[in-house]
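So the structure is just underneath, and the comments pick up after that.
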Number of protein chains: 2
Amino acid sequence: MSKPNARNSQKTPCEQCPLRPLPHFREFKPEELSFVSRFKTGELVVDAGATVLVEGSHSAHLFTVLSGWAFRYKMLEDGRRQILNYVMPGDLIGLQGSLLGEMQHSIEALTPVTLCVFERDRLPTVFHNHAELAYDLTWIASREERMLDENLLSIGRRSALERAAYLLAFLYDRSKVLNIFPNGAATLPLTQQHVADTLGLSIVHTNKTLKKLAEKTLIRWADRGCHILDDKGLRQLSGWEGFKESKRPFI
Amino acid sequence: MSKPNARNSQKTPCEQCPLRPLPHFREFKPEELSFVSRFKTGELVVDAGATVLVEGSHSAHLFTVLSGWAFRYKMLEDGRRQILNYVMPGDLIGLQGSLLGEMQHSIEALTPVTLCVFERDRLPTVFHNHAELAYDLTWIASREERMLDENLLSIGRRSALERAAYLLAFLYDRSKVLNIFPNGAATLPLTQQHVADTLGLSIVHTNKTLKKLAEKTLIRWADRGCHILDDKGLRQLSGWEGFKESKRPFI
DNA sequence: CGGGCCCTTGAATTCTCTCAAACAATGTGG
DNA sequence: CCACATTGTTTGAGAGAATTCAAGGGCCCG
């Protein structure tokens with residue numbers, strides 16, 4: 001486990017947030033925006049591979065991902081690891097598992113990540129003075145549940161091939177609306193070990209399964225990442241219908 | 001899929017709620033109690049085996065379980081079923097998956113179930129006028145996430161025997177604080193098919209796995225249910241530490 | 001008494017894991 | 001620039017886990 005190597009940098013005002021103009025996110029009223037801008041106390045930059053939060057710790061902060069990818073995971077005592085979900089720009093970190101109290105999972109950066117930092121102990125202000133934002137928080141928690149439900153269905157009941165196809169389609173679906181693939185070609189910044197730990201498979205079998213997907217020209221694995229060639233084909237193979245999500249809130 | 005066979009019966013006032021006095025739940029202020037009592041519009045009784053909510057439907061209601069057991073599940077097109085979580089007295093139904101919009105999962109009663117009914121479209125009132133209750137809603141969503149995280153870890157990374165032990169310990173842990181085992185002997189009202197669909201295993205292999213737990217005198221399967229003989233042994237075998245939960249809110 | 005539901009068991013097959021080894025790409029220190 | 005270590009990917013083979021198929025038994029209820 002490497003050190004966070006965290007640097008507090010100057011703060012990007014929320015009014016100039018590069019994510020907020022995206023059509024994927026709901027619009028904010030000016031007063032909401034100004035409150036969030038005051039709620040945000042700083043920024044945190046984390047290296048790829050570094051740990052953002054550790055299971056069992058108490059974190060005084062909530063984070064919103066400004067850029068980069070990360071993942072949430074839990075481990076068993078003997079080292080077996082299960083990746084629970086992935087975190088991308090616009091996602092809130094720190095709400096999952098508990099509002100207060102110990103973190104029930106760890107978070108690790110997959111790429112260099114920039115985080116907006118919020119003080120957890122100012123949450124009551126949100127609930128008392130900003131009902132719409134409080135509603136958004138619950139909505140966000142509910143969205144996370146929906147993803148976990150899907151992942152649970154997948155791991156529990158889909159075959160290895162369907163599972164892999166689902167995961168890649170899922171990550172593609174989430175990321176494509178975030179304008180993070182400038183050249184158009186979607187590359188997921190994962191290793192096969194991450195895929196294995198998400199699907200609940202061994203790395204050897206994961207490799208053989210991904211190879212089958214590549215043989216069907218649904219994906220191509222290269223340059224330490226997964227290139228999505230045919231997202232529709234992946235969804236079809238997995239029997240997953242994709243997200244039915246219009247605009248979503250983000251804080 | 002059988003019909004709900006739902007009956008609206010007379011309403012138990014929240015002031016006389018049999019669950020609220022339990023030490024497991026946090027105390028309510030009088031005004032919170034009176035608001036919830038007005039928020040509650042009725043009661044619904046559902047037979048064992050009946051479907052409470054169906055995936056894809058729009059439900060105008062939220063429910064709190066007053067008595068009985070149920071479970072949330074999702075299905076693939078070809079009929080494979082994954083049970084996502086169980087629902088017991090004090091649990092809120094209808095928050096998972098989406099605040100508004102289509103249900104993303106179905107719910108089925110395991111025993112006869114009595115539900116307190118709330119109007120979903122009065123949720124904004126909660127957020128605007130009852131910040132503490134709004135906070136509780138988010139807390140409840142967060143608790144559900146924690147359980148889903150644990151279940152995901154279990155299905156993804158635990159062996160069949162560990163998984164079964166975890167599930168039974170988990171259900172026992174949740175139910176023991178609810179005062180629903182009057183005689184002291186804990187019996188979980190499940191069939192082995194339910195266990196199989198929760199663990200992501202076939203029914204045959206589930207049966208053989210449960211038999212091993214019985215041989216270790218951790219459980220006894222009889223009378224259409226699972227008798228917990230040694231919950232500490234189950235936790236130990238599964239490597240699960242149990243809930244670290246003090247008082248919890250409920251609505 | 002028959003039918004349905006649930007539990008149980010055995011056997012063959014399929015899937016997935018572990019072990020083992022090798023290769024490619026990258027980065028580091030000399 | 002090369003030697004070397006590290007990380008990530010690939011492949012084969014044997015062992016182990018879990019599935020499907022098949023059949024039988026117990027119990028409750030109409």
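Throughout, protein chains are lettered first and strands after them, A, B, ... in sequence-line order, and every chain is numbered starting at 1.
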### Task
May I ask you to decide if the ring planes of A/Trp240 and A/Phe170 are parallel, tilted or perpendicular, using 30° and 60° as cut-offs?
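Rings of A/Trp240 and A/Phe170: perpendicular, as their planes differ by over 60°.
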How many whole angstroms separate atom [atom1] of [X] from atom [atom2] of [N]?
X: B/His194; N: C/dC7; atom1: NE2; atom2: P; result: 9 Å
X: A/Ile203; N: D/dT9; atom1: CD1; atom2: C1'; result: 8 Å
X: B/Leu201; N: C/dT14; atom1: CG; atom2: C1'; result: 16 Å
X: A/Arg224; N: C/dA25; atom1: CZ; atom2: C1'; result: 6 Å
X: B/Ile219; N: C/dC7; atom1: CD1; atom2: P; result: 11 Å
X: B/Trp221; N: D/dG26; atom1: CH2; atom2: C1'; result: 16 Å
X: B/Arg163; N: D/dA17; atom1: CZ; atom2: P; result: 13 Å
X: A/Arg157; N: D/dA18; atom1: CZ; atom2: C1'; result: 12 Å

### Task
Quick one: label B/Gly225 by what it contacts on the DNA or RNA (base, sugar-phosphate, nothing), any heavy atom closer than 4.0 Å.
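No contact.
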### Query
Just how large is the angle between the end axes of the helix from C/dC1-D/dG30 to C/dG30-D/dC1, five pairs per end, to 10 degrees?
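Taking five pairs per end, the axes differ by 30°.
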### Task
Determine the sole option in B/Glu55, B/Gln82, B/His105, B/Gln104 for which the side chain to side chain donor-acceptor pair (under 3.5 Å) test with B/Arg72 is passed.
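Testing each of B/Glu55, B/Gln82, B/His105, B/Gln104 against B/Arg72, the sole residue satisfying side chain to side chain donor-acceptor pair (under 3.5 Å) is B/His105.
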When you check the phosphate oxygens OP1 and OP2 of [N], does a side-chain N or O of [X] lie under 4.0 Å from one of them?
X: B/Asn207; N: C/dT8; result: yes
X: B/Gln193; N: C/dC5; result: no
X: B/Lys211; N: C/dT9; result: yes
X: A/Gln192; N: D/dT7; result: no

### Query
Of the candidate nucleotides D/dT19, C/dC6, C/dT16, which contains the atom at the shortest distance from the side chain of B/Thr191?
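The nucleotide sitting nearest to the side chain is C/dC6.
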### Query
Nearest of C/dC6, D/dG8, D/dA13 to any side-chain atom of A/Lys208?
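My answer, after comparing the listed nucleotides, is D/dA13.
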#### Entry: Pair A/Phe118 + A/His61: ring centers closer than 6.0 Å
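No, too far apart.
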### Message
Can you confirm whether more than 12 heavy atoms, excluding those of B/Lys176, are under 6.0 Å from its NZ atom?
### Response
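Enclosed: over 12 neighbouring heavy atoms sit under 6.0 Å from NZ of B/Lys176.
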### Task
Would you confirm whether A/Ser154, through its side chain, and A/Glu150, through its main-chain N or O, come within 3.5 Å as a donor-acceptor pair?
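No; judged by distance alone, with no hydrogens or angles, the pair does not exist.
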### Task
For A/Leu161 and for A/Val204, find the nucleotide of DNA chain C with the closest heavy atom, then tell me which residue's nucleotide is more 5'.
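Comparing both residues, the 5'-ward one is A/Leu161.
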### Query
Once you round to the nearest 0.5 Å, how far does CG of B/Leu167 lie from SG of B/Cys226?
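With rounding to 0.5 Å, CG (B/Leu167) is 8.5 Å from SG (B/Cys226).
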### Query
So, A/Asp230 and A/Lys216, do they make that salt bridge, N to O below 4.0 Å?
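Looking at A/Lys216 together with A/Asp230, the answer is no, because their closest N to O distance does not fall below 4.0 Å.
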